[in-house]
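Letters A, B, ... are given to chains in the order of the sequence lines, protein chains preceding strands, and every chain is numbered from 1.
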Amino acid sequence: MLEKRETKARREGLPELTNASKGEVVLRFAPNPNGPLSFGHARGLVINNRYREMYDGVFILRFDDTDTKVKPPLLEAYDQIVEEATWLTGRAPDRVVVASDRMEHYYEHAQRMLDEGFGYVCRCSADAFKEHRIGQTNCPCRSQSIADNQALWKSMLKGSFKPGEVVVRVKTDMTLKNPALRDWPALRLQDTKSHPHPRPEIGSTYVVWPLLDFQSAVEDHLQGVTHIIRGKDLMDSTRKQTLLYEHFGWTYPETVYWGRVKVHEWGGFSTSQMRKDIEDGRYDGWNDPRLPTLAGLRDRGIKAEALRDFWIELGVTQKDISVPLATLYSHNTKAVDAGAPRLSFVREPIAFSLVGEHPSSLELAVHPNDDAMGIRAWNLKEGKVWLESEDLDHMDLRLKEFADVALNDTNAEVQGLSRSDQRPIVHWLPAINSQEAVLLETKNNELIRHRGQLEQHNHPTGTVVQLERIGYAMVLDSETLVLCHEESETP
RNA sequence: GCUGGUAUAGUGUAGUGGCCCAUCAUGAAGGACUCUCAUUCCUUCGACCCGGGUUCAAAUCCCGGUACCAGCACCA
């Protein structure tokens, strides 16, 4: 009976990792620091970290910064990524590894590859080699002697070749079924004179640089990585690297893949494109609320907890998926509501004078479900109040928590304090308790500025409040707020 | 073209031969509560890509389609 119920129960959280035992799991996540972290990176961080938690393992953050031209690293990104990862996972990475600091290790292994004859220096052009790959024929360089390879390698290191002229390949088999695996390139040359590495301590020091598949494979072994969780676009990487591991006599880590994720509301944002757009001034910075970056999300009030719940819920299936932001927002609402002080914000305010008998002050709850959060005191002596112009299509309104009123030109006549009928309830604000403010809203990649009157408060910058009848918003400064969850575009 | 991968409600997800006329979340619609278009609670809607086969029994195994995605870069 009991067993039946257990097997029927829905699996919670992530599935078990194969071949994993507590205390012996080493995981890593390796972004390219060519910009700060994006929404998609959060998946790698969250999933890897949850597994670290489950198995009491080690989590490594690694910077794969081995390309200085196509995807040049951004110097500021290194620190920012560590900081963002810490924010997201609630914990600093156990280890931070920077590939560009580990070049000697990669050289050492390249050397060994040539010495032991499972790698060679190839002087074919990219096009020429492509022919060999398609035709399943060996290129002439493949049969060079070990001594020739060693000599060529020395010349490479000395800088006797130009980028594009020579490359180090892993000897696999040119007749392999999968063309992607045939004698794949492991290291190449980069012109670091005209494209220096942005880290000053690296700069133009090296001309020979490892490619991802080689660098990553060697580094995973050096760091003792046991499980790799990566996108399925890297499935062939696994196969290439497994071939290399066989040559070295190593055992390849267990791998798990996830599919592609698209967000309905965001098209294809690439880090390189965002970087360009920011430089061109189309966005204010990496934390612009319109951008799908971690910084952008954080700075408009999306909590790390919501991001974590979101990604754990999606799990690690290999399906390519497309998710609406509404799902993330629903997680964020859960994370934020109980602690969000309520505030009144009147957009496009119209002034009215309160006439008739009424109390001179009013006390409102900071949070309707939590008395402990205190009260808000409003002063009604002056009598000037703000109403939202959109609410004025009715002349009889109920001012929330206060009174039934009848509107005429400029007066709001108090008809009674208790609710007497089903007239609409609207939010409002005494002028004396309010100040001018702007509410930012992202919509269709635009930034809309709603001007209005905001209830005075002393919540610090970064507080997520709830603007009654509008939505959750984060305090940016004394007169600016940003809406956390923009309205859905497809109702 | 070659190679590999994936297909469960609108969107995600659970499910590894009988507990499944299929789980949970989200969404939509309705309702309760509430002096917010919030929160909370309740109800309803809605799916196993198609066609064969194996089996007493298939979402689950096999075969064949179809669709979508990825790799075949001196990017990561």
Side-chain angles (χ1 to χ4, degrees), chain A residues 3-5 7-12 15 30-34 63-73 99 122 124-126 129-130 133-134 136 163-169 176-182 184-190 208-209 211-213 215-216 231-240 257 259-262 264 271-272 309-310 313-315 317-324 326-331 333-334 336-338 340 342 344 364 367-370 398-404 417-419 423-427 466-472 487-488 490-491:
Chain A
E3 281 174 10
K4 249 187 179 177
R5 202 186 267 161
T7 47
K8 171 90 183 186
R10 183 174 211 269
R11 201 202 76 227
E12 291 285 339
N32 181 337
N34 62 340
F63 293 108
D64 280 349
D65 57 345
T66 53
D67 183 281
T68 63
K69 190 178 176 184
V70 183
K71 290 181 177 170
C122 175
C124 300
S125 69
F129 193 84
K130 192 175 179 181
R133 185 170 47 235
I134 295 169
Q136 305 192 26
E165 287 179 349
V166 64
V167 75
V168 177
R169 295 187 181 281
L176 250 21
K177 276 195 165 194
N178 187 343
L181 312 185
R182 297 171 192 159
W184 54 272
L187 301 100
R188 74 349 189 148
L189 263 24
Q190 290 195 101
V208 179
W209 284 83
L211 268 336
L212 171 81
D213 287 313
Q215 178 269 128
S216 176
K232 68 173 188 179
D233 51 314
L234 261 23
M235 274 182 163
D236 283 346
S237 272
T238 299
R239 297 182 184 105
K240 289 190 214 174
Y257 306 96
R260 227 175 73 150
V261 177
K262 275 205 310 206
H264 288 166
T271 302
S272 337
D309 292 346
F310 173 86
E313 186 174 272
L314 294 196
T317 65
Q318 290 188 34
K319 233 165 103 179
D320 297 312
I321 56 176
S322 180
V323 288
T327 306
L328 173 64
Y329 292 160
S330 117
H331 284 293
T333 296
K334 287 184 181 73
V336 128
D337 182 76
R342 309 289 129 132
S344 190
L364 301 162
H367 195 295
N369 306 340
D370 185 4
R398 172 147 186 96
L399 304 189
K400 187 168 180 290
E401 310 266 15
F402 178 50
D404 284 358
L417 296 184
S418 56
R419 190 169 183 193
R423 64 183 71 191
I425 298 167
V426 302
H427 67 292
Q466 189 204 69
L467 303 178
E468 289 180 317
R469 299 213 302 141
I470 297 173
Y472 302 97
E487 276 179 45
S488 154
T490 46

Nearest-angstrom distance, P atom, B:rG64 to B:rG5: 14 Å
A:Arg398 or A:Val166, whichever maps to the more 5' nucleotide of RNA chain B: A:Arg398
Sugar-phosphate only, base, or nothing, as touched by A:Tyr257 at under 4.0 Å among non-hydrogen atoms: nothing
B:rA76 phosphate, OP1 or OP2, under 4.0 Å from A:Thr66 side-chain N/O: yes
Sugar-phosphate only, base, or nothing, as touched by A:Gln318 at under 4.0 Å among non-hydrogen atoms: sugar-phosphate
Any A:Thr317 side-chain N or O less than 4.0 Å from OP1/OP2 of B:rU13: yes
Toward the 5' end of RNA chain B, by each residue's nearest nucleotide, A:Asp213 or A:His331: A:His331
Sugar-phosphate only, base, or nothing, as touched by A:Pro368 at under 4.0 Å among non-hydrogen atoms: base
Inter-nucleotide C1' distance (B:rU40, B:rA59), Å rounded: 35 Å
Distance, C1' atom - from B:rU43 to B:rC50, rounded to whole angstrom: 35 Å
A:Arg239 vs B:rU3: side-chain N/O to OP1/OP2 distance below 4.0 Å: no
P spacing across the pair B:rG53 / B:rU44, given as an integer number of angstrom: 38 Å
Touch class at under 4.0 angstrom, heavy-atom based, for A:Gly164 against every strand present: base
Protein-nucleotide distance (A:Arg10, atom CZ; B:rU8, atom C1'), rounded to Å: 12 Å
Pair A:Asp67-A:Asn32, side-chain donor/acceptor within less than 3.5 Å: no
Phosphate OP1/OP2 of B:rU26: any A:Lys334 side-chain N/O under 4.0 Å: yes
Spacing of A:Glu12 atom CD relative to B:rG15 atom C1', expressed in whole Å: 14 Å
P spacing across the pair B:rU11 / B:rC68, given as an integer number of angstrom: 16 Å
Touch class at under 4.0 angstrom, heavy-atom based, for A:Leu234 against every strand present: base
Under 4.0 angstrom between A:Arg260 side-chain N/O and B:rA70 OP1 or OP2: yes
Any A:Lys232 side-chain nitrogen or oxygen under 4.0 Å from OP1 or OP2 of B:rU6: no
Nearest-angstrom distance, C1' atom, B:rG15 to B:rC61: 15 Å
OP1 or OP2 of B:rA76 under 4.0 Å from side-chain N/O of A:Arg188: yes
Salt-bridge present (A:Arg342, A:Asp370; N to O < 4.0 Å): no
Touch class at under 4.0 angstrom, heavy-atom based, for A:Leu212 against every strand present: base
Identified pairing partner of B:rG10, criterion: Watson-Crick or G-U wobble below 3.5 Å: B:rU26
Watson-Crick or G-U wobble mate for B:rC2, both contacts under 3.5 Å: B:rG71
Paired nucleotide for B:rG18 [Watson-Crick or G-U wobble; both distances under 3.5 Å]: B:rC56
Distance between C1' atoms of B:rC75 and B:rC37 (Å, rounded): 47 Å
